[in-house]
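Quick notes on the structure that follows.
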Amino acid sequence: MSESDTPVETLDPADWAAFRARAHAMLDAAVDRMEGGGEGPVWRMPTEALKAAFDVALPVEGLGAGAVDAQIAALLPFGVGNTHPRFFGWVHGSGTPSQLVAEMAASAMNANLGGREHGAIHVEKQVIRWCREIFGFPAEASGLIVSGTSMATIVALKAAREARLGVEARRQGIGAARLVGYTSALAHGCTDRAFDMLGLGSAALRRVPVDASGGMDLDALRVRIAEDRASGLEPFVIVGTAGSVDLGTFDDLDALADLAAQEGLWFHVDGAFGALAVLDPGLKPRVNGIERADSLAFDFHKWLHVTYDAGCVLIRDEAAHRQAFSDRPRYLKGAERGLAAGNPWPVDYGPELSRTFRALKVWAQLAEHGTARLGRMIAKNCRQASYLGDLVAADPALELLAPVTLNICCFRYRSEGDADALNDEIVIRLQEAGIAAPSTTTVEGMKAIRVNITNHRTRASDLDLLVEAVRRIGAEILAERAGG
Ligand SMILES: *Cc1c(COP(=O)(O)O)cnc(C)c1O
């Protein structure tokens, strides 16, 4: 027998018909999970059995398909709860069933989107072109699909750093440069992390107080920039917020763009979820000025309900973007023709060489539903947050802690005693009972029940049920305290 006739061991199934049946069974389990997603508790504690099943010895001999599939199927009910209509915690997107279809196809292709000339690359380019159009960025602007806004912020601020210091900073580090930047007191912590990771130090990010509208106080910002310049520091970036994570407030992006232009600073916008307000004609004016940003970071996995994870960075000046990342060694050199063509490659725009095919699920979401329908879901969530605000305002047991301006409602159960501990306990009991899953935050020193609605499945009746449960649990805890 010659070598070419010997059966070789591979990792493919020996019996493709059996594999097909196996894949169909898991598809059924996944669709059952999604179809019944609104039933049962919002969240279930991972059980001891579940944890034990994922705490076993390294399998030197494989467990086989049957055992693996059974374990995966058993895991399906133990999500964080964001696919349920009463998940209101943090800012989580809720996903759509169609995403499953795109993810299956992406897995079958197993594409690596670091570069080269193949179909998947053109899907990502299409998504970036659509995003430029959505946000009014110029046709020359570049972009990259990344894991989320945290990564998008690092990519954007690296481009900003090199735009200030020159590409030599990539070899030499930032040396004696004392770069500083500015963002709102309400801004998300991902910008602090980016400053840390870019070697600038998170203390170099100045937190500017907000005015009554929740936007950055422009006078305070001007003063801070002048003070920093006077003490020999080098301001290089203003980071505006479109949709603050606690309250959903917006900076005045047009005014920040003006100020950045006057001061010669890079203007970056964190629009993780709020930037998508651009898709609803009624909300669009809130993000006026976003089209003037030098860079924008936002997520597909929040208010566009793409499955985790998927975010995006757009950069107005393509050359500034590319010079911050492009450095392909000889074995990755591009070509005019063949598989190594298609320059520039995505690796020229970000830190990752191997990249997953996130673009397909993003493309599928935009292509199937269209921006008008996705925008209607966003507008609906904002109306629902106002509706909840009205329910709270009308209820003497409850107190609204901040005006509802977007999709977030912060309120609390009133109490003469320790209101902070009471409201913390209400939220924990709501989560543990699987009734609803809001999170908590602190508004002007007061513990708030924070309800964020980035959920296309939520109905008004879910909010009625939430308010009813908060009242009931609040009264229960007060009774326990009185009795205890
Ligand atoms: C969620 C969020 C982030 C972080 O985004 P990830 O996608 O989780 O990395 C940044 N900024 C704001 C305003 C957010 O809501």
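When a ligand or atom number is given, it counts from 1 through the structure's own listing order.
Closer than 4.0 angstrom to ligand 1 sit non-hydrogen atoms from Gly148, Thr149, Ser150, His188, Cys190, Gly243, Val245, Asp270, Ala272, Phe273, Asp299, His301, Lys302.
A cation-pi contact links Arg316 to Phe137, judged by a cut-off of 6.0 Å to the six-membered ring centre and 45° from its axis.
Defined by atom type and a distance below 3.5 Å, a donor-acceptor pair is missing between the side-chain atoms of Arg450 and Thr440.
Between atom CZ of residue Arg322 and atom CD of residue Glu318 there is a gap of 4.0 Å, rounded to the nearest 0.5 Å.
Note on residues 268-291: pairs passing side chain to side chain donor-acceptor pair (under 3.5 Å), not counting sequence neighbours, are His268-Ser295.
Glu234 meets the side chain to side chain contact (heavy atoms under 4.5 Å, CB included) test with Arg164, Leu179; sequence neighbours excluded. Qualifying side chain to side chain contact (heavy atoms under 4.5 Å, CB included) partners for Asp196, counting only residues two or more places apart in sequence or in other chains: none.
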